[in-house]
Amino acid sequence: MFSALILQFNSFRIAGLIMLTIPLALIGVKPTLAIVGVNFGFMSVLGLLALTGIVVNAAIILIDTVLIKIKVENYSLITAIELATKERFRPVLLTAWTIPLTSPSSPFWPPMALTIIGGLITSTILTLIVLPACLKLTLNKEKIRGNKV
């Protein structure tokens with residue numbers, strides 16, 4: 001995944017920032033499973049894989065929006081980050097709300113669904129706070145325009 005991100009963005013920094021969002025999602029998994037009393041098992045692992053894809057997708061879209069605002073729309077780095085975060089807030093939040101239903105009658109799906117739910121709760125909040133801050137610290141507007149991020 002990291003290699004594909006490097007090839008897509010032509011940048012180690014941006015690929016690293018996207019990968020940074022994965023642990024932000026994992027923070028909420030164990031507490032959520034512990035609160036509802038579900039053991040971590042195979043279906044939880046499948047939930048982690050799905051969660052990783054959802055979180056990485058949200059980060060890619062947020063970062064790509066920032067880059068477009070800088071390269072195409074000629075915004076400053078700070079303004080581009082602010083606008084992109086505001087613009088992508090609703091889609092990221094809606095992704096978090098499209099979580100699987102957890103039916104207590106099914107022995108298989110609740111661990112996967114709860115893993116995704118717990119991870120999305122933390123990743124949604126932290127991605128919209130931590131990722132913009134990390135973008136500000138690591139990106140340079142001049143390098144972005146010259147495609148040397």
Side-chain angles (χ1 to χ4, degrees), residues 1-36 38 40 43-103 109-149:
M1 186 183 322
F2 187 66
S3 299
L5 291 170
I6 291 171
L7 290 173
Q8 179 174 347
F9 287 102
N10 197 24
S11 170
F12 286 103
R13 287 182 189 179
I14 292 177
L17 288 173
I18 293 169
M19 297 302 284
L20 171 75
T21 60
I22 295 170
L24 299 178
L26 300 179
I27 292 170
V29 171
K30 187 170 179 166
T32 302
L33 293 175
I35 288 170
V36 295
V38 173
F40 190 84
M43 293 305 284
S44 299
V45 172
L46 289 179
L48 279 177
L49 293 173
L51 176 63
T52 301
I54 294 167
V55 171
V56 165
N57 184 51
I60 288 171
I61 291 171
L62 180 62
I63 290 175
D64 193 47
T65 304
V66 169
L67 296 176
I68 288 170
K69 294 211 172 290
I70 291 171
K71 288 179 181 179
V72 178
E73 299 175 21
N74 203 25
Y75 284 105
S76 69
L77 180 60
I78 297 282
T79 305
I81 292 171
E82 288 173 4
L83 290 173
T85 304
K86 288 177 188 175
E87 191 177 298
R88 301 310 309 163
F89 176 76
R90 186 172 39 171
V92 169
L93 199 60
L94 288 174
T95 300
W97 284 104
T98 58
I99 47 183
L101 298 175
T102 56
S103 169
W109 299 113
M112 183 173 87
L114 290 167
T115 299
I116 295 171
I117 290 167
L120 283 177
I121 290 170
T122 57
S123 72
T124 300
I125 296 165
L126 293 175
T127 296
L128 291 170
I129 295 169
V130 174
L131 188 57
C134 290
L135 283 169
K136 169 61 180 118
L137 293 173
T138 59
L139 295 183
N140 183 333
K141 185 177 175 181
E142 288 72 33
K143 287 184 179 180
I144 293 171
R145 286 217 174 102
N147 290 326
K148 296 179 182 178
V149 182

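Since the model is a prediction, treat every value here as computed from it, not as a measurement.
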Rounded distance [0.5 Å steps], CD1 in Ile129 versus OG1 in Thr124: 10.5 Å

With a 4.5 Å heavy-atom cut-off, do Phe9 and Asp64 have their side chains touching? yes

For a 4.5 angstrom cut-off between non-hydrogen side-chain atoms, does Leu62 reach Thr85? yes

Residues Ser76 and Ile70: closest non-hydrogen pair is O-CG1, 4.4 Å

Would you compute the distance between atom CD of Glu82 and atom CG of Leu77 and round it to the nearest 0.5 angstrom? 10.0 Å

Looking at every heavy atom in both Lys136 and Ile81, which two are closest together, and how far apart are they? N-CD1, 3.6 Å

Report yes if the side chains of Leu120 and Leu51 come closer than 4.5 Å at any heavy-atom pair, otherwise no. yes

Between Ser44 and Met112, is there a donor-acceptor pair closer than 3.5 Å when you use the side chain of the first and the backbone of the second? no

For Thr32 and Thr115: C-alpha separation, side-chain torsions, deciding distance, then whether side chain to side chain contact (heavy atoms under 4.5 Å, CB included) applies. CA-CA 7 Å; Thr32 302; Thr115 299; over 6 Å; no

Decide yes or no for Glu73 and Leu83: does some side-chain heavy atom of the first lie under 4.5 Å from some side-chain heavy atom of the second? no

Heavy-atom pair of closest approach, residues Val55 and Ser123: CG2-OG, 3.5 Å

Looking at side-chain heavy atoms only, is the closest gap between Leu135 and Leu17 below 4.5 Å? yes

Would you compute the distance between atom CD1 of Ile63 and atom CG of Leu139 and round it to the nearest 0.5 angstrom? 7.5 Å

Are any of the side-chain heavy atoms of Leu46 and Met43 separated by less than 4.5 Å? yes

If you round to the nearest 0.5 Å, how far is CD1 of Ile22 from CD1 of Ile27? 12.5 Å

Stepwise side chain to side chain contact (heavy atoms under 4.5 Å, CB included) test for Thr21 and Leu131: CA-CA 7 Å; Thr21 60; Leu131 188 57; 4.2 Å; yes

Within a strict 4.5 Å, meaning less than it, do heavy atoms of the Ile18 and Phe2 side chains meet? no

Test your reading of the model: is there a side-chain donor-acceptor pair from Arg88 to the backbone of Thr65, 3.5 Å cut-off? no

Exam field: side chain Thr122 to backbone Gly119, donor-acceptor pair closer than 3.5 Å: yes

Is any side-chain heavy atom of Leu5 closer than 4.5 Å to a side-chain heavy atom of Ile14? no

